[in-house]
Amino acid sequence: MQAHYRPDEIEREAQQYWEARKAFRAEERPDQPKYYCLSMFPYPSGKLHMGHVRNYTIGDVLTRFYRMKGYNVLQPMGWDAFGLPAENAAMANNVPPAKWTYDNIAYMKKQLQSLGFAIDWQREFATCKPDYYRWNQWLFLRMLEKGLAYKKAGIVNWDPVDQTVLANEQVIDGRGWRTGALVEKREIPMYYLKITAYADELLGALEQLPGWPERVKTMQANWIGKSEGVEIAFPYADDPARSLKVFTTRADTLMGATYCAVASEHPLAAKAANNNPRLAAFIEECKRSTVMEAELAALEKRGMPTGFFVVHPLSGEKLPVWVANYVLMAYGEGAVMAVPAHDQRDFEFATHYHLPIKCVIKPSQGSLKLPLTEAYIEHGISFDSDEYSGLNFQQAVDVIAAALKKKKLGRKRIQYRLRDWGISRQRYWGCPIPIVHCDSCGDVPVPDDQLPVVLPENLVPDGTGNPLTKTPAFYECQCPKCGKQAKRETDTMDTFVDSSWYYFRYACPDQKLAMVDERVRYWLQVDQYIGGIEHAILHLLYSRFWTKVMRDIGLIKIDEPFTNLLTQGMVLNEIFFRKSANGRITYYDPAEIEVELDEHGIRTGAKLKADGKPVESGGMGTMSKSKNNGVDPQALIEEYGADTARLFMMFASPPEQTLEWSDSGVEGASRFLKRLWMFARQWEPIIAEESKRRGGDFTRYEYPTGIANTVPTLAALRREIHMTLKQASFDMERKQFNTVSSAAMKMLNSLQEGVLGVDSAAQAVATADVFQRALHETMSILLRILNPITPHISHNLWRELGYSGDILTAPWPTVDESALIEEEIELVVQVNGKLRGNMRVPREAAREAIEKMALSHPSVRKYVNGQPIKKVVIVPGRLVNVVV
RNA sequence: GCCGGGAUGGCGGAAUCGGUAGACGCACGGGACUCAAAAUCCCGCGGCCGCAAGGUCAUGCGAGUUCGACUCUCGCUCCCGGCACCA
């Protein structure tokens with residue numbers, strides 16, 4: 001055995017060993033339980049970042065753990081290879097997105113391999129290859145046939161200078177990121193997928209996902225936003241045959257409606273603006289504002305009257321119609337009835353524009369405090385509502401809905417917040433939408449036998465829009481129907497399409513004739529899916545939708561793609577910066593910062609190493625280029641090795657929480673592995689000899705009866721190791737890897753203390769064989785619980801110490817319950833719930849005996865101090881609480 | 001703004017079912033080894049009072065339930081994720 005821990009050597013050696021044996025190749029074995037563990041595939045942005053390292057380490061720990069538990073595991077990897085950054089890089093470096101993407105994939109693959117992930121690389125694919133994306137196109141055509149895909153107008157960000165559509169992230173403070181021009185909203189034709197057709201199932205099926213975090217399910221449910229309400233028609237005052245339709249969940253407040261409001265994109269707004277230049281200007285202004293809902297919601301509530309009036313469907317009162325920037329065209333009817341007294345947004349708007357506020361709901365007990373300072377939005381009892389007064393929420397809704405129905409001016413209806421999924425992108429680096437536009441035949445789907453529509457890989461975007469629109473070789477084509485000259489669609493698909501079904505393709509990446517084949521039946525569902533919490537809604541909802549569509553087309557039989565979901569937290573690092581006199585902020589790499597400490601180790605300041613002058617701390621933030629606080633995994637692996645990187649990542653915090661970067665934490669992890677190495681080397685002769693004696697067996701250990709009395713230190717060591725193992729197994733099952741790591745550290749501490757105790761004892765010689773056995777046993781446990789986290793060093797030591805077989809498939813250790821039994825246990829003694837001492841009692845002591853002992857305990861007597869005892873609470877095996 | 005989540009020593013975090021708050025690690029202090037330094041090893045380490053024994057306060061803030069609350073309930077504060085064209 002090497003004198004020193006050399007991660008580079010043992011990691012290379014272990015990886016070659018696995019490679020030579022094709023250890024991670026997954027095959028369908030119907031007789032064995034399978035475990036499909038999937039981490040979200042990366043976007044090939046250039047090099048791995050710490051978020052990837054964390055994501056894939058979590059997945060790797062799980063696959064290695066399940067392998068030890070006897071499962072047939074699959075851990076695939078691929079590339080989410082279409083997307084905007086490739087176009088940006090192409091513009092910056094004048095390199096085609098394809099080349100940039102493939103180069104990145106090659107580099108990142110090497111990085112993943114150097115981390116020792118147990119990936120079946122045979123199944124690797126990239127979504128930018130026609131072999132993959134042809135099935136996007138194929139399924140899109142099936143959806144078109146089923147009416148699940150359709151075309152309609154959609155709103156996009158338009159940069160008037162570059163004459164191009166911008167992504168939301170390319171719009172900064174309302175201006176194009178490259179041109180600085182004010183961005184406009186523009187309506188263009190787009191393809192949509194009818195995810196709303198599945199809204200009810202997507203919502204209902206959440207209940208059948210017990211393996212998903214509650215918060216993700218709640219977020220999805222809120223996103224789908226099913227609400228039961230009433231659609232109400234307000235007839236136009238000057239044209240009673242026609243009406244303004246609104247949707248409300250609070251029909252009980254209808255009698256309190258004092259105006260109606262429509263979105264600026266609503267047809268009525270446009271009509272009103274025809275002879276009202278001020279209104280036209282206001283609508284124009286709304287058009288210039290953002291398309292992003294988050295920004296829209298934060299805007300000050302503004303509006304203008306349209307000059308139109310509608311008639312209240314029950315009271316007959318004339319109500320004005322306003323255009324308001326807080327009404328969303330995309331939700332409901334794009335119009336609302338405004339009840340300022342009982343809706344906060346309406347209240348603010350009405351207050352600002354001095355519109356009437358009419359109260360019609362009051363608390364069931366007491367009354368409203370007038371004048372209102374905010375809307376009363378609770379459900380209550382109706383009043384001042386003619387015949388609809390004195391009713392509770394449900395009664396009022398029912399009665400009012402019935403009255404409206406009778407007048408044919410409304411009906412109960414279910415409304416979803418969820419909108420259909422717009423997939424058209426006016427960009428080059430994506431999957432072409434398989435449609436041909438023909439002057440005679442209209443929009444014609446590309447026939448299946450002409451798929452895939454291949455994206456040329458040699459174009460370089462220049463920032464002035466999609467280069468496909470300037471490439472006749474791509475867009476010039478014949479109409480599949482009539483054969484006349486036609487124009488190919490140049491829009492490409494949203495990259496969320498690519499990621500909506502890649503997990504099926506891993507089961508059969510080589511299948512040329514179909515999207516999926518019968519192998520998906522063996523591997524799917526995904527047993528464990530792992531990815532960032534930022535994907536909680538969109539990606540996961542689209543994937544669930546896509547799965548249901550594939551099911552309904554008859555490709556698969558499952559309803560849901562992912563049985564268990566783990567949403568990992570972000571990787572953070574401290575942000576350091578300086579603000580210059582003109583307000584410009586410069587961010588500094590934390591590696592360039594020196595932290596100043598006082599004598600207690602408490603931080604007093606930080607300065608830049610280069611000039612020794614102070615910098616400010618901006619707290620912890622996600623690692624990003626813009627904050628200059630990223631740490632390159634490559635440097636970490638090169639300096640400390642993959643095992644240290646993996647151990648630190650797992651130890652620093654539980655997977656679901658954020659993880660704070662710490663250089664000294666990394667050193668701590670490295671120190672532990674060195675300590676483990678030195679310990680193994682020190683005891684190698686004894687352990688290896690024991691291995692030889694027992695033919696490498698690590699499954700059965702027998703000890704003489706009464707060992708607890710003859711060799712108490714050994715019994716204590718075994719008890720500690722098995723107790724720690726019990727906790728580690730529990731934590732492994734619940735995926736709390738930080739405490740599994742600390743259990744390993746604890747075990748090494750116990751071992752070092754344990755051997756010291758035995759070593760120095762006079763009994764050591766007499767009990768040498770028992771000691772040797774216990775050391776062999778406990779070391780095998782330590783190496784096995786560490787194996788999923790730090791597989792290289794575990795692999796190496798396992799072999800060096802002569803344990804039989806391959807640790808990769810060694811069974812997860814089991815707890816020897818008999819090692820845990822103690823004759824005496826410690827009980828905590830409390831008086832009135834406050835800790836006052838402890839006492840040792842026999843394991844099987846009776847309640848009465850415990851109570852008697854507690855009452856005679858000196859500190860109990862001191863605190864009871866003669867007061868009458870009300871009651872004694874005894875929690876078996878834990879504590880006694882004397883209440884006075 | 002709306003939806004979801006979080007807050008525990010100097011720091012990351014632990015506490016499995018409401019039962020000893022601070023496991024494990026980092027940082028820091030003291031010591032050993034060394035010509036010296038690094039590495040390594042040993043000891044200490046929440047605050048306050050106390051020589052000590054011990055006492056007392058303490059899990060973001062404020063209330064409540066309970067014999068007992070980091071854990072449950074209600075109200076706040078601050079931070080983070082998502083908001084449909086970043087992936």
Side-chain angles (χ1 to χ4, degrees), chain A residues 40 42-43 45 80 83-85 154 156-157 165-171 213-216 218-219 221-223 225 291-299 301 326 330 344-345 418-419 421-422 424-427 494-496 499 532-539 541-542 567 569-570 572 597-603 619-622 648 651-654 656-669 671-672 674-675 678 727 730-731 734 736 738-739 741-746 749 826-835 837-838 870-873 875 878-879 881-884:
Chain A
M40 288 180 186
Y43 178 79
S45 54
D80 188 11
L84 204 50
V156 293
N157 302 302
V165 175
L166 298 179
N168 285 338
E169 72 158 8
Q170 296 174 316
V171 180
E214 220 42 61
R215 60 171 163 159
V216 174
T218 311
M219 279 191 261
N222 290 339
W223 185 261
V291 302
M292 288 165 75
E293 203 180 307
E295 288 176 17
L296 232 41
L299 291 177
K301 284 172 193 54
Y326 72 94
Q344 188 57 26
R345 287 164 305 179
L418 182 68
R419 310 199 289 255
W421 174 14
S424 294
R425 296 291 179 270
Q426 297 68 42
R427 271 186 262 291
D494 180 4
T495 56
F496 274 126
S499 56
I533 180 67
E534 66 274 19
H535 295 290
I537 297 176
L538 292 179
H539 162 62
L541 195 64
Y542 291 148
T567 49
M570 308 257 181
L572 314 181
L597 303 173
D598 70 7
E599 69 272 25
H600 306 292
I602 298 169
R603 192 144 113 194
M620 286 289 171
T622 55
F648 168 72
F651 178 63
S653 71
E656 307 232 81
Q657 280 180 41
T658 54
L659 181 148
E660 296 189 10
W661 186 257
S662 153
D663 287 325
S664 47
V666 172
E667 270 172 54
R671 201 142 52 213
F672 166 73
K674 278 186 208 153
R675 209 148 60 79
M678 295 311 289
Q727 176 236 312
F730 178 81
D731 288 342
R734 61 171 176 162
Q736 190 171 282
N738 56 328
T739 47
S741 313
S742 73
M745 294 174 184
K746 224 186 227 170
N749 291 346
E826 195 160 275
L827 284 190
V828 163
V829 184
Q830 297 181 332
V831 177
N832 283 345
K834 276 192 191 254
L835 176 67
N838 41 40
K870 274 198 206 153
K871 124 166 145 178
V872 179
V873 181
V875 182
R878 289 226 174 237
L879 60 74
N881 184 16
V882 180
V883 185
V884 297

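Keep in mind that the numbers below use all heavy atoms, side chains included, and drop hydrogens, waters and symmetry copies. Sequence lines set the chain letters: A, B, ... in the order given, protein chains first and strands last, and positions in each chain run from 1.
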As an exercise, state the distance from [atom1] of [X] to [atom2] of [Y], rounded to the nearest 0.5 Å.
X: A:Leu296; Y: A:Glu293; atom1: CG; atom2: CD; value: 7.5 Å
X: A:Leu835; Y: A:Asn881; atom1: CG; atom2: CG; value: 10.5 Å
X: A:Met570; Y: A:Met620; atom1: CE; atom2: CE; value: 15.5 Å
X: A:Asp731; Y: A:Ser742; atom1: CG; atom2: OG; value: 7.5 Å
X: A:Ser662; Y: A:Phe651; atom1: OG; atom2: CZ; value: 10.5 Å

Using a cut-off of under 3.5 Å, enumerate the N/O to N/O pairs linking the protein to nucleotides 58-69 of chain B.
residue	atom	partner	partner atom	Å
B:rC67	O2	A:Asn881	ND2	2.3

Can you sort out the partners of A:Trp223 under ring-ring contact (aromatic ring centres under 6.0 Å, His included), two or more places apart, ordered by chain and number?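 Testing A:Trp223 for ring-ring contact (aromatic ring centres under 6.0 Å, His included), a comparison that skips the adjacent residues, returns none.
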At 4.0 Å (heavy atoms only), tell me whether [X] reaches a base, stays on the sugar-phosphate, or touches nothing.
X: A:Met40; answer: nothing
X: A:Leu659; answer: nothing
X: A:Tyr326; answer: nothing
X: A:Pro42; answer: nothing
X: A:Gln170; answer: nothing
X: A:Arg878; answer: sugar-phosphate
X: A:Tyr43; answer: sugar-phosphate
X: A:Leu879; answer: base
X: A:Ser662; answer: nothing

Name the stems that RNA chain B belongs to, where each is three or more consecutive Watson-Crick or G-U pairs with both distances under 3.5 Å?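 In RNA chain B, stems of three or more pairs: B:1-7 with B:77-83, B:10-12 with B:24-26, B:28-32 with B:40-44, B:46-49 with B:54-57, B:60-64 with B:72-76.
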Quickly work out the [X] [atom1] to [N] [atom2] distance and round it to whole Å.
X: A:Met292; N: B:rG1; atom1: CE; atom2: P; result: 16 Å
X: A:Glu169; N: B:rG82; atom1: CD; atom2: C1'; result: 15 Å
X: A:Gln727; N: B:rG13; atom1: CD; atom2: C1'; result: 13 Å
X: A:Leu296; N: B:rG1; atom1: CG; atom2: P; result: 15 Å
X: A:His535; N: B:rA84; atom1: NE2; atom2: C1'; result: 14 Å
X: A:Leu299; N: B:rC83; atom1: CG; atom2: P; result: 17 Å
X: A:Asp731; N: B:rG25; atom1: CG; atom2: P; result: 16 Å
X: A:Lys301; N: B:rC2; atom1: NZ; atom2: C1'; result: 11 Å

Could you tell me which non-hydrogen atom of [X] sits nearest to which non-hydrogen atom of [Y], and how far apart they are?
X: A:Gln170; Y: A:Val165; value: OE1-O, 4.3 Å
X: A:Leu879; Y: A:Leu827; value: N-CD2, 4.0 Å
X: A:Asn838; Y: A:Val828; value: CB-CA, 4.2 Å
X: A:Phe648; Y: A:Val666; value: CD1-N, 3.7 Å
X: A:Pro654; Y: A:Asn738; value: CD-ND2, 3.5 Å

Ignoring hydrogens and geometry, is there a side-chain-to-backbone donor-acceptor pair from A:Gln727 to A:Thr739 under 3.5 Å?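 Yes: the side chain of A:Gln727 pairs with the backbone of A:Thr739.
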Are any side-chain N or O atoms of A:Glu656 and backbone N or O atoms of A:Thr567, one a donor and one an acceptor, separated by less than 3.5 Å?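 Answer holds: yes.
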In chain order, what residues pass the side-chain contact (heavy atoms from CB on, under 4.5 Å) check against A:Asn832, with sequence neighbours excluded?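 Result, side-chain contact (heavy atoms from CB on, under 4.5 Å) vs A:Asn832: A:Val883, A:Val884.
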Using the glycosidic torsion, which applies to B:rC17: syn (within 90° of 0) or anti (everything else)?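 Because its glycosidic torsion lies within 90° of 0, B:rC17 adopts the syn conformation.
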Would B:rG9 be called syn or anti, given that syn covers angles within 90° of 0?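 Judged by the O4'-C1' to base torsion, B:rG9 sits in syn, the angle falling within 90° of 0.
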Can you build the contact string for nucleotides 39-50 of chain B? Use B for base contact, S for sugar-phosphate-only contact, and - for no protein heavy atom under 4.0 Å. -SS---------
Spell out protein contact along nucleotides 3-12 of chain B as letters: B when the base is contacted, S when just the sugar-phosphate is, - when no protein heavy atom is under 4.0 Å; keep the 5' to 3' order. SSS----S-B
Which nucleotide in B:rG25, B:rA84, B:rA87 has an atom nearest any side-chain atom of A:Met745: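 Among B:rG25, B:rA84, B:rA87, the one nearest the side chain of A:Met745 is B:rG25.
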Considering only atom [atom1], compute the distance from [N] to [M] and round it to an integer number of Å.
N: B:rA32; M: B:rA39; atom1: C1'; value: 14 Å
N: B:rG22; M: B:rG29; atom1: P; value: 25 Å
N: B:rC11; M: B:rG1; atom1: P; value: 29 Å
N: B:rG60; M: B:rA7; atom1: P; value: 8 Å
N: B:rC45; M: B:rG18; atom1: P; value: 31 Å
N: B:rG81; M: B:rC86; atom1: P; value: 16 Å
N: B:rU73; M: B:rA87; atom1: P; value: 39 Å
N: B:rG10; M: B:rG5; atom1: C1'; value: 27 Å

Does the side-chain contact (heavy atoms from CB on, under 4.5 Å) test come out yes or no for A:Arg425 and A:Val156, once each step is laid out? CA-CA 10 Å; A:Arg425 296 291 179 270; A:Val156 293; over 6 Å; no
For the CZ atom on A:Arg675, are there more than 12 heavy atoms of other groups (residues, nucleotides or ligands in this structure) within a distance under 6.0 Å?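 Counting other residues, nucleotides and ligands, CZ of A:Arg675 exceeds 12 neighbours.
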Can you establish whether the number of heavy atoms outside A:Arg603 located under 6.0 Å from its atom CZ is more than 12?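 More than 12 within 6.0 Å, yes.
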According to a strict under-4.0 Å criterion, is A:Asn749 in side-chain N/O contact with OP1 or OP2 of B:rG25?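 Answer yes for this pair, as a side-chain N or O of A:Asn749 is under 4.0 Å from OP1 or OP2.
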Can a side chain N or O of A:Ser742 be found less than 4.0 Å away from OP1 or OP2 on B:rA23?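 Result: no.
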Specify the residue among A:Thr739 and A:Ile533 whose closest nucleotide of RNA chain B lies further upstream toward the 5′ end.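 Nearest-nucleotide comparison on RNA chain B picks A:Thr739.
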